[in-house]
Structure formats: structure tokens, C-alpha cells
S.K.: 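Just passing along the structure, written as C-alpha cells.
Hydrogens, waters and symmetry mates are skipped; everything else that's a heavy atom, side chains included, is used. Letters A, B, ... mirror the listed sequences (proteins, then strands); counts begin at 1. Computed from a prediction, not measured in an experiment: that's the story for all the values here.
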Amino acid sequence: MTVTMPEVSAGEVQTIVAARRLRHTKTVFIGVGRPSTAALLARMVHNPELILVYESGTIGAKPFHIPLSIGDGELAETADAIVSVPEMFNYWIGPGRIDVAFLGAAQIDRHANLNSTVIGDYAHPKTRLPGAGGAPEIAASCGEVIVIAPHAKRTFVEKLDFVTTVGHGTGPGSRERLGFAGRGPTAVITDLGVLEPDPATCELVLTQIHPGVEAGGVREETGWELRVAEELKTTEPPTDEELGKLRELLER
Amino acid sequence: MTVTMPEVSAGEVQTIVAARRLRHTKTVFIGVGRPSTAALLARMVHNPELILVYESGTIGAKPFHIPLSIGDGELAETADAIVSVPEMFNYWIGPGRIDVAFLGAAQIDRHANLNSTVIGDYAHPKTRLPGAGGAPEIAASCGEVIVIAPHAKRTFVEKLDFVTTVGHGTGPGSRERLGFAGRGPTAVITDLGVLEPDPATCELVLTQIHPGVEAGGVREETGWELRVAEELKTTEPPTDEELGKLRELLER
Amino acid sequence: MAELMSLSDAVAELVSDGDSVALEGFTHLIPFAAGHEIIRQGRRELELIRMTPDLLYDQMIGMGVARRLVFSYGGNPGVGGLHRFRDAIEHDWPRPVEIEEHSHAGMANRYAAGAAHLPMAVMRGYAGTDLMARSTVAPITCPFTGETLTAVPALRPDVAIVHAQEADYEGNVQLWGIPGVQKEAVLAAKRSLVTVERIVDKLELAPGGIVIPSWVITAVAEAPGGSRPSYSLGLTDRDNDFYKFWDKMSRDRQQFTEWMNENVLGKELSKR
Amino acid sequence: MAELMSLSDAVAELVSDGDSVALEGFTHLIPFAAGHEIIRQGRRELELIRMTPDLLYDQMIGMGVARRLVFSYGGNPGVGGLHRFRDAIEHDWPRPVEIEEHSHAGMANRYAAGAAHLPMAVMRGYAGTDLMARSTVAPITCPFTGETLTAVPALRPDVAIVHAQEADYEGNVQLWGIPGVQKEAVLAAKRSLVTVERIVDKLELAPGGIVIPSWVITAVAEAPGGSRPSYSLGLTDRDNDFYKFWDKMSRDRQQFTEWMNENVLGKELSKR
């Protein structure tokens, strides 16, 4: 069945793996880019009832095209409800009504804390990044967080240049001390594999590798001594349906 | 001109005097009953641009009929904008966007503080009244407050049984100490005359009597030693237009 | 997702003796049908929460449903007092009712804090009044300006019940006209029931329409005319005459009881 | 009441050098025409406030309008970074820009507090992040539960500028679609300007329509297409290609300057 398909890119696998995570999710909070594509794919393949929430205030959007911005007209036109930004954060995100949030980051550390603010010194940055946006409160309050990031040493770092968003802080108990209601990051999905926090230490562990990837290669692309799970799984290859629908979506 | 009109009631004069106060007002906050009638009359006779705001959230309502409740359908149907109750109090009343508020009360003291909560002891009341509603924050924040009340000893009392709403507190400086932005009560319009606070002491002084009323009679109906202004004015009698329009309004 | 249920099943499932229950609707969209069903099912010891008790809570209090009342304005709008509310507070009839009272601004902010699942909201209010001592508010200092503001504790009812114009078969709800604090009440409560005038195939966003998605609602029940004698803008009219009638009729305990027996208890809920 | 003015007169009258100015619009209804007029009129030393600086502030910063920037997300939505924003922060070009940054939740609550004329809002947020130290927020304790929450100071800009679909001749404004924080920005500011796609005889409440009454607005100016390359739902479409084009073109200082000279400075505002 899969032989008819052209070669699968690492980015496609990453998107497909992210979509699979939404199989039993009721509501997902998504930004633009790969997370948005993954959520749309999940609605097409795994979970047609999945409710998409964008921070622009569109609740239950059903876009046919992958939106460029989180506030594209199609999101507003297809939403079940549209609310103001204060309402979105105060009544919807803050109370933890959203089950899963997809977040990206420029840097991520071993406890899944995220930096999307600055590379280098804050006052004299090497690279000024966009900043926090909704991430800190989304990560604090949503049921769980799934991070989507490219796997590279400059992204998976020993120490963040700036803590924009708390994942598991300094380890067990951090989130509780900060009063966070959500469970925090439960997975980091990269183009090489999946990292999940060790329940005991909250440290990210490589639990899954995509087809054709070696654990050693993943460790090389990680800026800390990445632990590898004893039972390392290999990602099930994309099905024809997944890949077909993904490509259909990207071509719309 | 006025000879053609049937006899004028004290209540009619009270309503007409209240309406005149809105001649140069941009926005008025009104409850139901006489205040609402006065504001509608003002729109008909003195100030067609007057903007009516009801605590139900209807901003710029233009009812043809006197509404029974502050949330009648006609208010919603004719409003420029409708907002939620939290928004009404937080974004519209609190910031002092409303110039004049009409308030009623079961008891009023010499500093124009109001009781609409209870007559007698709080725990074992003689008469349980409806309670605060929007009054405390309306009186604190609106540009000025005009109280509309029937003139009787049981209403104009030496000491309130319960301070529901602060008018001028214990006198000069009270409002400033409480952080109130509005000027507080500027007039109490009764069926006998008009009381206004002395600028120096904030104590209500009789400044105007309606036609046919004697200052002595007003003092008798007041529960404290009511001061009478040196230059006591007499209310200009209702014009044909005022009375005609008022009766037209009441008959709709 | 909200479950579509009959009103009687929904009340049976969602409302238990001793619960704190908020039936909201500011003049408009007052959920009378649901309140009557609570009376019929004989619920007791409820903490009833509502900005404006209105005739609905007058009826529920008079029928002995309430142990406690949380409110900000207990009048018959435009008409006068609420006689059953007064009789309960003044003479403990038919039973004593504990009260906690606020201002409208305070109640509205308490619902908003509840909808945000925050423990409190800050506002300017209550200052200088005797309400401050009778209520459950506290001063709080702004760390930036030093100004003393007022903190009000969040409302988190066990159940919120509101009425709306329509829902679709998936339980998404739309209301328009005066929105009051209905959305806040639903979002603040642990469980929620929305009664609606009608169920439609597809919600078309109405001018001024507010949509509450199905997935934050526990149950939706069809109840045509369910806000009478209040109203559902565009579908039913406010029965102002009934509000005036109530003022006269409800002064007398026996007349009230007979009226309720005949018009509420005696009415089997029509099967749907 | 809002005064109907030409856009150039409105900017000349409302925006002065050194003002704090919030041009809001969350992806949707971004007031580009007004921002361009500010650039054309040569305003300097502005404190620019905006949740998402977007291309508009990238242009204004690149043209040297801003002394200070208050924001929560400085990206080109769905595309990448903002090169003029980065160049100003990284290399002080064309001039140094002081920054104050927040989270979206923080900025939204700051506007809401501003609209309420309160000195602050309370929320859960910022906790544990390095933003806490770089921002202007403070811990605050709930007097009821003892929980440590975060207080954010109110935003009260000198001027707020937003774009909407339509206004009537009395200056009442209606917008629909994603409402962002536009209403809050207008209500929080000392002065406000609303640019609109069209002026109509009478506003008809639209599905999802939000009306801002004339009497809380300072000026209304007609500016058809005034939100391009952003959009005005129902009337214009978002020019996603332009957002992608901007990413390439604006990397180079000279290209940027030439583009602005030709497309913004060179464009006389069409007479209306």
C-alpha cells in the first residue's frame, strides 16, 4: 500500500506524529505553521470532532486551507464562536478549558522549558526573537502541552538564554509551586523523534525515533546528555491516508 | 397658555423638574419609574440627543414607551449598543463615562447618603428593601448624582438605618478619602422642592420649592433641621409643552 | 459536549439538595421553566445565587427551596418589593433564609472571576457603605499606585442554569439581546444547564448573537416559553402585566400557595 | 461625540510627538492607513503600544517613529521574524528603541484594566519566567485564599487608533469578526481615532457586530482599504502574499527605505 507514495520527508513525519497525538483530544490550542497543519490533519484523519482554538479568539474554527496567520478570515468565518483577546485568555485559556496546546520554541532545555524571546544577552541580543505571545499562560493552564520543534543542537540546549515559558521548571514540584493547573509538556515532537518527560525526574527522555533515525544521531543533535528510554519505540510509518491527506492539505 | 391644562400633580412637577436638569446632559444613567419617565421627557422636550444608559447593558436606548423594567425588550431593540453586566459596570460606569445618574432611595440623610437596603435592624428588619443593586458604584463614579425621592419624614431621616450608598459621607473630604471620582449628589428632587448640598458643608439645603409649597411645610416633612437657602427659588411652573408631552408619554 | 435532555431529566441529574445554584438572566431570559421544575422535584436546602432574585426566586423562596440567598437587588423591577423574599427575611416564612448581599458591580465581577477560575476580582466599590461589613469583600492595595481597591471573591456555583433563544442538536447555544451575566455564570459553574426556546439544525449567527459552545455546557433542554413571564428577545414578549399581578397576588401567603399549587406544582411538564 | 475628519486632519490633531500611541487590531483590522499617515506626518519619539507589532510597527520602527515599544509578540505571523523590529533592537537602526515586553494575557488584561480606569488587573501569569523581571508586573496576594497572583499595571495610552468596517454619520462605529482588544484600547485611551472602510447612513447590527458608540470616540475617519495588507472581514481579504513578500524585502535597510519612500511617503493621501 505505501509503495505508491513518494518519499516521506522528516517534516511530514513530524506533522503526522503530532496529528496522531490528537486522536482522543477534545480541544486543541494551536499557533500557525506545523501545529496548525497537524491539527487540521487530525481532523481529516483521526478525529473529525476535534475543536480548534486559536488565540485570535476563534473557537471551533474549521478552516479548509492551512491558515497563514492565527487570525485569517477563514478562521473567523468558520468558528463556532469568536471572543475578544481578554476573554480568550481569561475565560478560556486560564481556566484550563483546552486539553492540549501545541507550542514551538527557539530553545528548549531538558525540563522542557522554552525560550522564544532572545538568543544571547537580553540587552544586547544576538538574535531578537518575537517574544512570549500567549505561551507562558497557555503552558501554565492548558491540560497538557506538546512542543513541536526542529531537532538541532542550537534548539535543544543545556541552558536557555531566556525562560519565556515554564515547562517543568527545575523538575518535580516546580509546576505545583508556581500554582500551575495544567500538566505541562507531555511530549516534544521533533523531525527525528519524540521526547517525553521521565515521570520521576521530569527530564526529557528520547522515547521514540522516526523511521531511519538512530538514537545516536538524536543525541548528537541534542545539547545535553540526552537519555534514551530502555524501550525505545520506532514511529509507525505514515499510512497512505495520512500522507495523502497531508499533501492534499498542503496543496489546497 | 397654561390655563387650558388640567391641574398639575406634585408628581408631575417632580418629573418635569428632573427632566429640566438634563437640558445640557450628554449621558444619563437611569433606573425605572420616575427617573426613566423624566429622562424620556427630557429627550422629547429639552434634549433630543440625550443618551440613555440602563444597567441592563442597553446604551443609547430610545424607548417610545416608558419601560416597566430596566431590561424591557424595547430598550434592547432601540439601543445603540448592548453590553454584558460585567462590561457595563467595569467599562462604562466605573470609569465615570456617564454624566448624570438618577437614583432613588427609601431613606436619605442630610449629606445625601442613601439607604435602599433595610428599615430597622439588619438581622431582624422591620422592612426588608430590595438592596443595593448598582447604586453604590453608580454614585461613586458617575459625573454627578440626582436623587429623586418623595418628600416625607420617614424618607428624609436624621440617621440612616443602613448606608447602602455614599452621597457626601460625613461632609467635605469624604468622597476624596474614599477615592470616588464623581462629584456625588448635586440635587435631591422631591415632590415639594429641590435640595442641594451647601458647597462648604455638603449638607443638603432647600434651594427651591415647587409652586404652592411653603418652606415651612418642607421642613416639617424633613427629619432633620432642614436649612433653607437665603435666596429660595420657586420652581417655574410646567409649560404646556412639558405637561402635554409628559401626559402623552404616560398614556402611550 | 452538552447532552440534550428533557428538562425534568436535566434537573434531576444536575441539581441536588444542598447545591449552590445560580439561575441567571438579567430581566431578559430568566429561566422560569427550570426554576419551576426545581420546585416540582422538591429540591431543598439550596443556596440560590442571582443578581436580581426577581419573581423566580420569590417563588422558589416561598416554596421553601432555599436555605441561603446570595443577591444584589431583590425587587420586582419597576413594580416594588418581592413579598415572599421579604416574608422569608422578615418573618422566616416558610423557613429562615440566610442572606449574603452585594452590589451589582460586585456580583458581576464575582461571576467574571468565577468564569476565569480566579479566586477573586478587583474593583472599585463597596467603599464607605455598610455593605462592606455584611458582605464577603476585602480591601486590597494596588502594588503600583498604592490605591486601596476592593477584592471580591469568585463565585463558583455547583450549577448554573440559564435560558437562551436556541441551540443546535450538538448543544451549541445562541442568545441575543441583553446578555446579562449568563455566559459568565455558565463558565463559572461546575455544571450547567441551558434551556432554550427552540432547537435548530444549524445556528446562524444573529445580530448581537453570543454563542456558548456545547463543550462547556453540561446539558441543554428544550423549553419553549421557558423564560415567561420574562422574555426571550425576538421570540416572546415580557409579560409586564404578570409582574404587576404578582405584586398584588403574592402578598398573601395562602393566595401565593394556592397559585403555586395550581400553576406550578399542578402543571405536569409537557412531554417532549 | 466623535468628529468626522479626514485621516490627515485626525492624525495631525490627535497624535503629537512623544505620545504613547496604541494602534490595535489582532491580525484583523490593523490600522495601516493611520500608521502610514503618522509616518508621513513625521511624528517622532512615540511610545508605540501593540500586542503584535506586525508589519505596521515594523514599518513605523524602521522609519524612526518610535522611542519605545510595548508589546507581547513581535513576529510576522506565520512567516517569521520582523526584520526592522530586530534591527532596531539588535543594532539600534535607525535609532535605539527601548522595549517593555509582556505576555498576550498580560497585555490583554492591561488594556482591560485601562478600559475600566482601574490601576491594575489581577491574573495568573508570568510566574517562573524571566519576563517577570523584564516587565512591569508585581505579585499580589488573594485576601481570600492566600494564593499569589500577578498584578499587571493598566495601559492608558494617550491615543488609541483602531480600524473598523463602518461608522454612521454620527460617528458610531461597528466592527465584526475577530474583535481583538480594539474596544478595550479605545476605552483605555485618553483620545481615540477609528478609521473605517465606509460611512453608512444607519448602522444595522451585523452578526457578531460590536458597536462602539460615538460619544466615547474622539474622531472617525473614512479610510477604505485602510487595514490592508491586514483585512476587514467581509469587505477586504488578508493579503497573505504581502506578508511573505515583506519577509524578503524588508531584510535590507536600503530596500526597505526605498519601498517606504515609494509606497508610503510618496503616496499623497487621496482626498476625500
S.K.: Given a strict heavy-atom distance threshold of 4.5 Å, which part of C:His102 is in contact with chain B: side chain, backbone, both, or neither?
M.R.: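 For C:His102, the contact with chain B is made by the backbone alone.
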S.K.: If you tally heavy-atom pairs under 4.5 Å against chain C, which of B:Ser69, B:Ala132, B:Ala76, B:Gly31 wins?
M.R.: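 Counting heavy-atom pairs under 4.5 Å, the top option is B:Ser69.
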S.K.: Between C:Tyr126 and chain B, which part of the residue has a heavy atom less than 4.5 Å away: side chain, backbone, both or neither?
M.R.: both
S.K.: Going by heavy atoms in the side chains, are C:Arg68 and C:Leu48 under 4.5 Å from each other?
M.R.: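 The answer is no; the side chains never approach within 4.5 Å.
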S.K.: Counting C-beta onward and ignoring hydrogens, is there a side-chain heavy-atom pair between C:Tyr73 and C:Met51 closer than 4.5 Å?
M.R.: no
S.K.: Using non-hydrogen atoms only, which part of B:Thr117 is less than 4.5 Å away from chain C: side chain, backbone, both, or neither?
M.R.: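 Only the side chain of B:Thr117 comes within 4.5 Å of chain C.
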S.K.: Side-chain contact, heavy-atom cut-off 4.5 Å: C:Met107 with C:Ile49?
M.R.: yes
S.K.: Should the heavy atoms of other residues, nucleotides or ligands under 6.0 Å from CZ of C:Arg251 be counted, would the total exceed 12?
M.R.: yes
S.K.: Under 6.0 Å from the NE2 atom of B:His65, do we count more than 12 heavy atoms belonging to anything else shown?
M.R.: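 More than 12 within 6.0 Å, yes.
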S.K.: What part of C:Ile99 lies closer than 4.5 angstrom to a heavy atom of chain B: side chain, backbone, both or neither?
M.R.: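 Just its side chain gets close to chain B.
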S.K.: Can you tell me which portion of C:Thr129 sits under 4.5 Å from chain B's heavy atoms? Options are side chain, backbone, both or neither.
M.R.: both
S.K.: Look at the rings of B:Tyr122 and B:Phe162 and say which category their plane angle falls in: under 30° parallel, 30 to 60° tilted, over 60° perpendicular.
M.R.: parallel
S.K.: Please look at C:Ile178 and chain B and tell me whether the side chain, the backbone, both or neither of the residue comes under 4.5 angstrom of a heavy atom of that chain.
M.R.: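 Interface part for C:Ile178: both.
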S.K.: B:Pro197: what forms a side chain to side chain contact (heavy atoms under 4.5 Å, CB included) with it, not counting sequence neighbours?
M.R.: B:His168, B:Leu204
S.K.: Pick one of side chain, backbone, both or neither for B:Val83, based on which atoms fall under 4.5 Å of a heavy atom in chain C.
M.R.: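 Just the backbone, heavy atoms under 4.5 Å.
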S.K.: With a 4.5 Å heavy-atom cut-off (strictly below), which parts of residues 130-146 of chain C touch chain B? List them by number.
M.R.: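 Near chain B, by residue number: C:Asp130, C:Leu131, C:Arg134.
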S.K.: I'd like to verify something: which residue of B:Val166, B:Thr164, B:Asp72, B:Thr58 has the highest number of heavy-atom pairs under 4.5 Å with chain C?
M.R.: B:Asp72
S.K.: Given a strict heavy-atom distance threshold of 4.5 Å, which part of C:Asn109 is in contact with chain B: side chain, backbone, both, or neither?
M.R.: side chain
S.K.: When rounded to the nearest 0.5 angstrom, what is the spacing between CD1 in B:Ile59 and CD1 in B:Ile51?
M.R.: 9.5 Å
S.K.: For atom CG of C:Asp237, decide whether the heavy atoms of other residues, nucleotides or ligands shown that lie under 6.0 angstrom number more than 12.
M.R.: no
S.K.: Is B:Pro125 in contact with chain C via its backbone, its side chain, both, or neither, using a 4.5 Å heavy-atom distance?
M.R.: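 Both backbone and side chain of B:Pro125 come within 4.5 Å of chain C.
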S.K.: Where does B:Ser84 contact chain C at under 4.5 Å (heavy atoms): side chain, backbone, both or neither?
M.R.: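 Both backbone and side chain.
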S.K.: Considering only heavy atoms, which portion of C:Lys244 lies under 4.5 Å from any heavy atom of chain B: side chain, backbone, both, or neither?
M.R.: side chain
S.K.: Which members of residues 87-105 of chain B, sorted by number, sit under 4.5 angstrom from chain C on a heavy-atom basis?
M.R.: B:Phe89, B:Asn90
S.K.: Less than 4.5 Å to any heavy atom of chain C: does that hold for the side chain of B:Leu129, its backbone, both, or neither?
M.R.: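 For B:Leu129, backbone heavy atoms alone lie under 4.5 Å from chain C.
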S.K.: Quick one: list whatever passes side-chain hydrogen bond (donor to acceptor under 3.5 Å, both in side chains) with B:Thr190, sequence neighbours left out.
M.R.: B:His151
S.K.: What part of C:Glu184 gets closer than 4.5 Å to chain B, counting heavy atoms only: side chain, backbone, both or neither?
M.R.: side chain
